[in-house]
Amino acid sequence: MKSIATFSPYHSFSREAWSRLDSHPDFPFSEIDLPRLQALNEPLTVDEVRDIYLPLCRLLQIHIQHHKNLHREYSQFFHREIQHVPYVIGIAGSVAVGKSTTARVLHKLLSMNAATPRVALITTDGFLYPNSVLEEQGILNRKGFPESYDASRLLNFLSAVKSGRRNLLSPKYSHLYYDVIPDEYDIIDQPDVLIVEGINVLQVNTNPSFSRRKIFVSDFFDFSIYVDADTESIRNWYVHRFLLLKETAFQQPDSFFYHYADLTESEAIAMANNVWEEINLPNLRDNILPTRLRSSLILEKSPDHSVRNIRLRKV
């Protein structure tokens, strides 16, 4: 019987094969403060930076250079002055999967390159509706689901970024207070690269006011990354992080989660698993995981958080 060929829109690389794509023997690892880049319960090693993130940054630099060349050639063709437009990278994935670490590492490595010294990083948490609005709408327990975001505000922000506007205000979010911080912003002023990190960034738009226009957040991305792992590993990471937070951030009286500080370990584990089952798992299953194949690149993680496989969309 003749075998049936299978096709995929992605090239697949093992960790070993990926690490051989770019040599970097003289990279200044001493200039990277690894503890500042990693998340609370996510180890980050020199091997991970060397084997995974340096080749990824080299790949991104190739894309960024082509992006610049295209803009220059367009400007010449249309007899227009060259306008600086940031290259936008989206990073998606589940709660607790390690998106923030990936975003911080890329932010650091890309900014160390002379071609892209100005790199900005925002998270979509700042574009959540305030808790008061979520409570009024009865969806505070669905924070992180598509309907909990001010989609029109986020879309307008990204539209302004890609139109070349300067001094844009990106709202700030506090994980301590579990809420958007009123009247506090990061200023995004035409960086070379803008990294946008959030669980929702590859989801299709569900805001009725934009339904006719069919605009998605990912429409403004030049490159997108999905951080992936098996569901049971992500659950374990989430529970472990909850336990660590119970002993640290939750102990602060002004923390939104201060009432969890005195839980016993078994009570905290039960609480974390309950939140996972009722909120995070349904959001992952119904809204986040289905967007994985919309990404340019997928980082597949092992249970120890190290990346074991990379899938890159074919050009």
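Only a predicted model underlies this, so the values are computations on that prediction, with no experimental measurement involved.
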Exercise. Is it true that Arg235 and Glu277 make a salt bridge, defined as a side-chain N closer than 4.0 Å to a carboxylate O?
Worked result: yes
For this session: May I ask you to say whether Lys301 pairs ionically with Glu42, meaning some side-chain N is under 4.0 Å from a carboxylate O?
Result: yes
Would you confirm whether [X], through its side chain, and [Y], through its main-chain N or O, come within 3.5 Å as a donor-acceptor pair?
| X | Y | answer |
| --- | --- | --- |
| Asn287 | Pro146 | no |
| Arg104 | Leu37 | yes |
| Ser159 | Asn156 | no |
| Gln83 | Ser163 | yes |
| Asp186 | Ser170 | no |

Value rounded to 0.5 Å, distance of [atom1] in [X] from [atom2] in [Y]:
| X | Y | atom1 | atom2 | result |
| --- | --- | --- | --- | --- |
| Ile310 | Arg15 | CD1 | CZ | 7.5 Å |
| Asn167 | Ile187 | CG | CD1 | 6.0 Å |
| Gln76 | Arg72 | CD | CZ | 6.5 Å |
| Phe256 | Leu176 | CZ | CG | 11.0 Å |
| Arg311 | Phe13 | CZ | CZ | 12.5 Å |
| Leu56 | Leu299 | CG | CG | 6.5 Å |

Flag for [Y]-[X]: side-chain donor and acceptor within less than 3.5 Å:
| X | Y | answer |
| --- | --- | --- |
| Asp150 | Ser152 | yes |
| Thr124 | Asn200 | yes |
| Glu73 | Asn69 | no |
| Ser306 | Asp304 | yes |
| Ser233 | Asp230 | yes |
| Ser12 | Asn309 | yes |
| Arg294 | Ser218 | yes |
| Arg292 | Tyr226 | no |
| Ser100 | Glu197 | yes |

Problem set entry | Test applied, side-chain contact (heavy atoms from CB on, under 4.5 Å); reference residue, Phe220; option that passes from Leu155, Leu154, Leu194, Val88 | Leu155
Within a strict 4.5 Å, meaning less than it, do heavy atoms of the [X] and [Y] side chains meet?
| X | Y | result |
| --- | --- | --- |
| Leu106 | Ile225 | yes |
| Leu54 | Leu109 | yes |
| Val49 | Phe29 | yes |
| Asp51 | Trp18 | no |
| Trp276 | Phe242 | no |
| Ser224 | Leu202 | yes |
| Lys172 | Tyr185 | no |
| Val275 | Asn280 | yes |

For this session: Report the C-alpha separation of His67 and His63 in whole Å, then their side-chain angles, then the decisive distance to 0.1 Å, and conclude whether the ring pair (Phe, Tyr, Trp, His ring centres under 6.0 Å) test is met.
Result: CA-CA 6 Å; His67 173 265; His63 279 265; over 10 Å; no
For this session: Describe, in one word, how the ring planes of Phe127 and Phe157 are oriented to each other, choosing from parallel (under 30°), tilted (30 to 60°) and perpendicular (over 60°).
Result: tilted
For this session: Give the ring-plane orientation class for Tyr260 versus Phe257, where under 30° counts as parallel, over 60° as perpendicular and anything between as tilted.
Result: parallel
[X] and [Y]: which non-hydrogen atoms are nearest, and at how many Å?
| X | Y | answer |
| --- | --- | --- |
| Ser94 | Ile288 | N-CG2, 4.0 Å |
| Gln251 | Ala261 | NE2-O, 3.3 Å |
| Ser148 | Leu128 | OG-CD2, 3.4 Å |
| Thr116 | Val119 | O-CG2, 3.3 Å |

Flag yes if [X] and [Y] sit in one hydrophobic cluster, no otherwise; membership is Ile, Leu, Val, Met, Phe, Trp, Tyr, and two members link when side-chain heavy atoms are under 4.5 Å apart.
| X | Y | answer |
| --- | --- | --- |
| Met271 | Ile234 | yes |
| Tyr129 | Ile181 | no |
| Leu263 | Leu244 | yes |

For this session: Could you check Lys99 against Thr123 for side chain to side chain contact (heavy atoms under 4.5 Å, CB included), going step by step and ending with a plain yes or no?
Result: CA-CA 10 Å; Lys99 301 180 306 302; Thr123 73; over 6 Å; no
For this session: Please determine if Lys143 forms a cation-pi arrangement with Tyr178, meaning its NZ or CZ atom is less than 6.0 Å from the six-membered ring centre and no more than 45° off the ring axis.
Result: yes
Problem set entry | Geometric cation-pi criterion Arg241 and Tyr238, 6.0 Å radius, 45° cone | no
For this session: Applying salt bridge (charged side-chain N to carboxylate O under 4.0 Å, His left out), name anything that partners Asp222, two or more places apart in sequence or on another chain.
Result: Lys162
Exercise. Which is it for Leu60 and Phe223 under the side chain to side chain contact (heavy atoms under 4.5 Å, CB included) test, yes or no, and what are the steps along the way?
Worked result: CA-CA 8 Å; Leu60 287 170; Phe223 196 94; 3.6 Å; yes
For this session: Evaluate side chain to side chain contact (heavy atoms under 4.5 Å, CB included) for Val307 paired with Glu300, printing each intermediate quantity in order.
Result: CA-CA 6 Å; Val307 174; Glu300 298 177 353; 5.8 Å; no
Problem set entry | Derivation and outcome, side chain to side chain contact (heavy atoms under 4.5 Å, CB included), residues Thr45 and Arg50 | CA-CA 9 Å; Thr45 65; Arg50 181 189 61 236; over 6 Å; no
Problem set entry | ring-ring contact (aromatic ring centres under 6.0 Å, His included) contacts in which one or both residues fall within residues 294-315, not counting sequence neighbours | Trp237-His305
